[in-house]
Q: 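Dropping the structure in here first, questions after.
Every chain is numbered from 1, with letters handed out A, B, ... down the list of sequences.
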Protein chains: 2
Amino acid sequence: MPVTIYDVAKEAGVGVGTVSRVLNNNPRVSSETRQRVLQVIERLNFHPSSIAQRLSLRKTLSIGVLAVYFTRPSVVERLRGIESVIADSEYDLMVYNVETPSRRDECFRSTASSSRVDGLIVISLAPADEDVGRWASAGVPVVLVDTLHPTLPCIIVDDISGGYKATEHLIKLGHTRIGFIGDPIHTAFNFRSSRDRFEGMCRALKDHGLAFDPAFHQAGEHGRESARVLTHRLLDLDDSPTAIFAASDTQAFGVLQAAKERGIQVPQELSVVGYDDVEMSEYLNLTTVHQPLFDSGLRSVDLLLHSIDTSDPAPVREQLPVHVIERSTTARPKN
Amino acid sequence: MPVTIYDVAKEAGVGVGTVSRVLNNNPRVSSETRQRVLQVIERLNFHPSSIAQRLSLRKTLSIGVLAVYFTRPSVVERLRGIESVIADSEYDLMVYNVETPSRRDECFRSTASSSRVDGLIVISLAPADEDVGRWASAGVPVVLVDTLHPTLPCIIVDDISGGYKATEHLIKLGHTRIGFIGDPIHTAFNFRSSRDRFEGMCRALKDHGLAFDPAFHQAGEHGRESARVLTHRLLDLDDSPTAIFAASDTQAFGVLQAAKERGIQVPQELSVVGYDDVEMSEYLNLTTVHQPLFDSGLRSVDLLLHSIDTSDPAPVREQLPVHVIERSTTARPKN
DNA sequence: CTGTTAGCGCATTCAT
DNA sequence: ATGAATGCGCTAACAG
């Protein structure tokens with residue numbers, strides 16, 4: 001049986017209240033008895049029960065993170081940002097990975113049952129009003145990352161702007177036939193980033209008086225392999241694009257792969273730009289749109305902690321900047 | 001204020017014991033009252049306090065994972081294996097990322113204070129006897145992944161064998177001058193995998209009557225960039241190696257980069273083999289040593305759960321298989 | 001300054 | 001089958 005605060009109290013000849021006070025650095029203890037209690041604690045190798053503290057404090061002292069596909073490089077980087085600030089706090093980090101809609105719903109629900117987490121960060125998952133209502137009535141502060149809700153604090157990047165910038169980069173190089181490779185319009189999790197990036201692309205095209213050939217829009221399951229296949233489809237077209245904008249770096253890698261398979265030189269014969277600027281992109285010299293992944297995690301915790309401490313809803317909408325990083329996969333089109 | 005079991009009891013006109021019983025599917029409740037209680041629970045939108053349950057049960061219902069550099073692709077893959085089985089259990093997953101020795105020690109200690117986790121998985125970190133003793137006296141089951149301790153259950157791969165196989169693959173292709181790029185001999189966390197892989201390499205060399213030129217051993221901070229620099233050093237040698245074995249895929253990528261910078265053809269002029277078989281390796285056609293990362297996480301939880309349920313130490317040492325995957329970065333040397 | 005006591009919300013005897 | 005009482009280990013309010 002673990003040693004409790006009572007054991008310490010008895011051994012030190014004081015009341016449990018006093019022991020609790022020294023535990024919590026309450027100044028209302030004479031330094032004399034404090035020393036004595038501390039000694040006993042040391043000698044008995046006492047550690048307060050975290051669970052008991054939580055029950056008494058009515059706090060779980062842990063914050064949850066709900067992520068989709070937490071092995072995706074971009075998500076990992078966000079997690080790292082989150083972990084880095086939680087590590088310095090009094091909170092524990094509970095991670096929930098979701099890869100199916102049912103698992104998502106289960107997580108949404110379980111985190112709303114009170115006493116599971118003091119706060120929640122949701123990455124890339126769009127909660128329904130119903131979910132938001134549950135969290136609200138359970139009094140669980142939530143901050144969203146890479147997704148939006150009218151009543152919740154959100155950390156986002158302007159994907160439309162990102163898509164716009166990527167496309168504009170291509171246009172300024174002289175490209176007019178630009179293909180797009182992204183996620184399906186309707187995904188199980190209703191991701192909107194790919195759609196928004198495409199939207200940004202369309203706007204850029206329009207602003208520069210360029211038409212968009214619907215055949216240049218290829219969407220399929222997120223992933224390198226799928227992107228590779230889609231790229232071939234694009235390249236099979238009669239008047240195939242001279243540049244391709246991929247909705248993510250991972251997909252851009254698939255584009256690169258397809259080009260290589262066909263012996264198409266990048267960037268001489270085909271320009272490619274990705275999105276995310278994951279670590280591998282630097283290695284592969286991929287021109288891409290950088291978004292502050294790590295910082296997004298960082299900021300989300302800041303907001304959450306603030307929200308927990310002040311119980312202030314703070315329906316902030318923080319938009320982080322994006323910019324294209326020009327590397328070696330984009331160039332002027334031939335001719 | 002959250003609704004408690006008392007509220008439900010009063011509302012349903014029963015005792016709290018009965019409510020608790022229906023909550024836990026205890027059969028000793030008439031289906032009649034069970035229905036009534038269930039209705040009230042529904043109506044009041046009652047959710048039992050997880051914290052209170054834990055205190056009463058004397059279980060934290062959460063298991064902790066301690067990982068070094070949890071953003072490294074190999075670690076992420078292990079985490080995914082771990083998460084996949086925990087998600088189906090009653091436990092929550094608490095993640096602790098360590099990037100400094102002091103943080104490691106802090107985590108080792110805090111997880112040993114009872115009532116933080118019901119069990120712990122430690123990845124790639126070698127605990128000292130002192131740490132192990134702390135966990136033992138706190139009654140916290142621990143299983144190690146990718147690291148060893150005499151008294152703890154461990155999931156490992158035979159890195160020596162992996163290094164041996166990688167080298168043998170090269171030797172059989174006809175290489176005799178084989179370079180090695182790995183981590184420093186002494187790292188902050190005393191990693192041994194790189195050392196063991198090198199050890200395996202040496203044995204293979206020896207078994208095949210090949211001598212090893214000490215200048216062919218280059219070690220430096222783990223990472224692509226460092227590996228790139230070290231490779232140049234190797235290639236600057238008078239009688240430079242015709243093949244390089246890197247202690248990890250990440251480092252192998254650095255090797256590839258250096259070769260490219262020098263205009264050296266891989267595999268025609270230089271063969272390269274990595275270790276881990278992370279996702280990117282397939283993309284880059286890297287010949288490498290595959291180790292079951294995901295499974296290692298899976299198995300560790302199995303062992304831990306077993307250990308928790310039976311309080312059986314089970315000092316198992318499970319060794320997972322490795323094998324080289326031959327892709328396109330290795331070939332016969334050109335004379 | 002310090003001891004005592006009453007919760008925190010649930011599980012679990014022990015009677016009935 | 002079910003209600004009442006007790007304990008889990010700690011914090012905080014209240015006396016003194």
Q: Whole angstrom is fine here: how far is it from CG in B/N26 over to P in C/dT12?
A: 9 Å
Q: Are more than 12 heavy atoms, taken from residues, nucleotides or ligands other than B/E279, located less than 6.0 Å from that residue's CD atom?
A: no
Q: One character per nucleotide, please: for nucleotides 6-16 of chain D, 5' to 3', B when the base has a protein heavy atom closer than 4.0 Å, S when only the sugar-phosphate does, - otherwise.
A: -BBBBBBB---
Q: Do A/D131 side-chain atoms and A/P127 backbone N/O form a donor-acceptor pair below 3.5 Å?
A: no
Q: Give me each pair satisfying ring-ring contact (aromatic ring centres under 6.0 Å, His included) with a member in residues 13-57 of chain A, each pair once, sequence neighbours excluded.
A: none
Q: By the definition side-chain contact (heavy atoms from CB on, under 4.5 Å), identify the one residue from A/I121, A/L66, A/V122, A/T151 that meets it with A/V142.
A: A/V122
Q: How close or far is atom P of C/dG9 from atom CG of B/L44, stated in whole angstroms?
A: 14 Å
Q: CD of A/E32 versus C1' of C/dT2: gap in Å, rounded?
A: 13 Å
Q: Nearest whole angstrom, please: distance from the P of C/dG9 to the NZ of A/K59.
A: 16 Å
Q: For the helix from C/dC1-D/dG16 to C/dT16-D/dA1, measure the angle between the helix axis at one end and the axis at the other, each built from five pairs, rounding to 10°.
A: 40°
Q: Do the side chains of A/R134 and A/E130 get close enough for a salt bridge, i.e. N-O under 4.0 angstrom?
A: yes
Q: Give a yes or no on whether a salt bridge exists between B/R80 and A/E99, defined as a side-chain N under 4.0 angstrom from a carboxylate O.
A: yes
Q: Can B/R78 and B/E83 be counted as an ion pair, charged N to O under 4.0 angstrom?
A: no
Q: Rounded to the nearest 0.5 Å, how far apart are CD1 of A/I155 and CG of A/L320?
A: 6.5 Å
